[in-house]
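Whatever order the structure lists ligands and atoms in, that order sets their numbers, starting from 1. Reckoned from all heavy atoms, side chains included, excluding hydrogens, waters and symmetry mates.
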Amino acid sequence: MSESTTRPVLLLLRRDLRLADNPALLEAAHSGLPVHAVYVWPAAGQASRPGQVAAAWYLRNFTAFAAELQEECGLTVDLLQGSLEEVFLKLRTQHAYGAVMLNAGHDPPALAEEVELQQACRDADVDCLMLPANTLLPTGAVLNKDGNSFRVFTPYYKRFLERYRHQPPLAQPGRMRDAGLSGQGDSVESMLQEIPEAHRDAASHWEPGEQAARDCMEQFIARHLREYGSDRHSLEISGTSRISAWLQAGVISTRQVWELVQQARERDPALADGAAIFQRQLIWREFAMQVLDDNPQLPDRPLQEKFAAFPWQEDKAALAAWQSGQTGYPVVDAAMRQLTSEGWMPGRARMVVASFLVKHLLQPWQQGEAWFADWLIDYDLSCNAFNWQWVAGCGTDAAPYFRIFNPILQGRKFDADGTYVRQWLPELADLPDKVLHSPWEASPLELQAAGISLGNDYPQPLIEHGLARKRALDALSRISS
Ligand SMILES: Cc1cc2nc3c(=O)[nH]c(=O)nc-3n(C[C@H](O)[C@H](O)[C@H](O)COP(=O)(O)OP(=O)(O)OC[C@H]3O[C@@H](n4cnc5c(N)ncnc54)[C@H](O)[C@@H]3O)c2cc1C
């Protein structure tokens, strides 16, 4: 064997903190070569750095992953701060690697780092093997008859189903050869200390690791998959999977999630409808990635150009009230407080609060996108920006701007018995159901019996719904005419 074919492999990991269905890890194992595993952790301010809650979540998952990798495969993994290129160049001065292996990322900051890494590898005459991971189909694989990307979801979805042939997830590797080069990494504890305590606390509501991700899916399949079509909208029963946290950190792959649902559907045909709707949601995730790939400006600029002239009314106080769950609309405030408490809220609530910020308060959707980026445990550049543009009505396949959610009716419909609002707004807990979603309609006696003084214990609404609706439609007409 020549020297270059016996040199160690540098395995670079990012959003792939799992042993099973991890293409780069398995490839490194199959090479039979000694492996130096490194988790590449973006420094604060670096474009590929996740938001604050997601950052704390990734680090906690890294700790769980490092222990599993050691126990199951006999491999030690270092954590090193920097970009892919920086980490490679730093290590390269100390060690002569034969190859670099990694899983491909899917957003512009990750792709930009991959281009730099590939160039650095070419300059150093080191092979760089990058493998698709974390998506069902590689971005760019679902095209229309003319070879172009779809701009709307339904035809994309149909074509996706025609193209997709499910492959079982890759096996977890067995024992691997550790190159014995580890031990110089940064400490997870010091990285965690860089993150504000409130964000760390939010992430601590979630159990890290692959087993927790599998448990989450199994519970969802047993409890909610059958009725997912209707349960997913309910705020009272939390009828969605909550798998997004693990999925976006790469603790479980989309293929593994798809497979668990597929197996359940084959075991029990009564689950077929719920399973099909759930799998369709996974394809929305891939569509969002495709839209970002085609439009790198997605997080910053509206895809429909006329929205660049939208007459936003920037108002710091209104934004702060929305952020802290003090708008006076209970369903909006409950969801915003859930977000800063546990880094998550259901998809239905995301749509309601996003619509409220953009349409009731006329605040630029980018402000909401940034707040979500910082607080969502499942923050993902493509899913977040795509959905904000969808709600704001300025994306390629977006809900029309004139469709304005009524936060009172949304509350009454999807939190009919008030469980959700009472959980997150305990100050309203004793209000009767009929006024829970509109406390300003409660009589003085009802308020007194519930121990609430409106304007003191809970705010008056920031703006009356009918007025807000009219103001939003007037603003729209200014860019439409
Ligand atoms: C304003 C706004 C911002 C959002 N930001 C994010 C984000 O940063 N990260 C994120 O993962 N999702 C985001 N979503 C999409 C969606 O709300 C979440 O994926 C979902 O609520 C996660 O909960 P779950 O895993 O229980 O979902 P489930 O209903 O169980 O769905 C299963 C999976 O399907 C995918 N999915 C479901 N809905 C969507 C959707 N609308 N777009 C793309 N993928 C979807 C997710 O991967 C999700 O985990 C956002 C939605 C809105 C309206």
Side-chain angles (χ1 to χ4, degrees), residues 15 50-51 53-54 57 106-107 134-136 153 156-157 160 206 213 216-217 219-221 223-225 227-235 237-258 260-261 274-292 298-299 322 332 335-336 338-339 342-359 363 365-395 397-399 405 410:
R15 286 171 73 166
V53 174
W57 172 236
H106 67 253
D107 57 28
N134 295 330
T135 51
L136 295 166
F153 179 70
Y156 172 90
Y157 170 66
F160 190 104
W206 299 74
C216 167
M217 277 309 295
Q219 280 180 22
F220 164 68
I221 289 169
R223 291 182 194 162
H224 295 299
L225 186 58
E227 303 299 334
Y228 177 72
S230 54
D231 284 4
R232 70 194 172 120
H233 299 296
S234 167
L235 298 172
I237 56 170
S238 197
T240 67
S241 67
R242 296 169 74 101
I243 197 62
S244 54
W246 292 273
L247 194 55
Q248 296 297 10
V251 179
I252 194 166
S253 71
T254 334
R255 192 155 44 166
Q256 288 173 297
V257 172
W258 182 283
L260 288 169
V261 169
I277 299 171
F278 181 83
Q279 288 172 327
R280 189 172 192 268
Q281 294 308 105
L282 293 176
I283 299 174
W284 268 107
R285 177 175 179 268
E286 310 239 336
F287 182 58
M289 290 178 191
Q290 180 65 62
V291 172
L292 176 61
L298 185 73
W322 177 81
V332 172
M336 294 307 291
Q338 182 182 17
L339 179 67
E342 56 179 45
W344 190 85
M345 68 170 87
R348 164 68 43 186
R350 295 183 200 203
M351 289 192 276
V352 173
V353 302
S355 169
F356 189 86
L357 180 74
V358 170
K359 296 174 186 176
Q363 298 308 296
W365 58 268
Q366 292 93 331
Q367 306 267 12
E369 198 270 345
W371 186 253
F372 268 33
D374 231 19
W375 280 99
L376 276 178
I377 192 131
D378 60 25
Y379 166 64
D380 171 73
L381 188 59
S382 54
C383 284
N384 199 36
F386 172 85
N387 277 289
W388 272 96
Q389 292 227 21
W390 188 87
V391 176
C394 54
D397 179 358
F405 278 120
Q410 289 288 312

Once you restrict to heavy atoms under 4.0 Å, what part of [X] touches ligand 1? Side chain, backbone, both or neither.
X: Trp344; value: side chain
X: Leu247; value: side chain
X: Trp390; value: neither

Which of the atoms of ligand 1 are close to [X], meaning less than 4.0 Å from one of its heavy atoms?
X: Gly347; result: 17 (O), 21 (O)
X: Met351; result: 53 (C)
X: Arg285; result: 43 (C), 44 (N), 47 (O)
X: Leu376; result: 5 (N), 6 (C), 7 (C), 8 (O)

Legend entry - 4.0 Å protein heavy-atom contact status of atom 46 (C) of ligand 1, strictly under: no
Legend entry - Check: Phe220 N/O within less than 3.5 Å of ligand 1 N/O: no
Legend entry - Gln338 side chain to Glu342 side chain, donor-acceptor N/O pair below 3.5 angstrom: yes
Identify the protein heavy atom lying closest to [atom], giving its residue, its atom name and the separation to 0.1 Å.
atom: atom 41 (N) of ligand 1; answer: Asn387 OD1, 3.1 Å
atom: atom 13 (C) of ligand 1; answer: Arg350 NH1, 3.3 Å
atom: atom 32 (C) of ligand 1; answer: Phe278 CE1, 3.3 Å
atom: atom 25 (O) of ligand 1; answer: Ser244 N, 3.1 Å
atom: atom 4 (C) of ligand 1; answer: Asn384 OD1, 3.7 Å
atom: atom 24 (P) of ligand 1; answer: Arg242 N, 3.5 Å
atom: atom 29 (O) of ligand 1; answer: Tyr228 OH, 2.5 Å
atom: atom 11 (O) of ligand 1; answer: Gln248 NE2, 2.8 Å

Inset, instruction - Take Arg350 and Trp344 through the test side chain to side chain contact (heavy atoms under 4.5 Å, CB included) and record every step on the way to the result. - result: CA-CA 9 Å; Arg350 295 183 200 203; Trp344 190 85; 3.2 Å; yes
Inset, instruction - Find out whether the Lys NZ or Arg CZ of Arg242 is both under 6.0 angstrom from the six-membered ring centre of Phe220 and within 45° of the ring's axis. - result: no
Inset, instruction - Anything under 30° is parallel, anything over 60° is perpendicular, the rest tilted; go ahead and classify Trp246 against Trp206. - result: perpendicular
Legend entry - Centroid separation Phe386 to Phe287 less than 6.0 Å: yes
Legend entry - Check: Phe372 ring centroid to Trp388 ring centroid under 6.0 Å: yes
Legend entry - Backbone N/O of Val391 and side chain of Lys359: donor-acceptor pair under 3.5 Å: yes
Legend entry - Backbone of Val261 reached by a side-chain donor or acceptor of Gln279 within 3.5 Å: no
Legend entry - Qualifying residues under side-chain contact (heavy atoms from CB on, under 4.5 Å), relative to Asn134, sequence neighbours excluded: Arg15, Arg18
Inset, instruction - Over all heavy atoms of both residues, which pair between Ala249 and Trp57 is shortest? Give the atoms and the distance, please. - result: CB-NE1, 3.9 Å
Inset, instruction - Using heavy-atom distances, let me know which of His224, Gln281, Glu369, Arg348 sits nearest atom 39 (C) of ligand 1. - result: Gln281
Legend entry - Heavy-atom neighbours of Arg280 CZ exceed 12 at 6.0 Å: yes
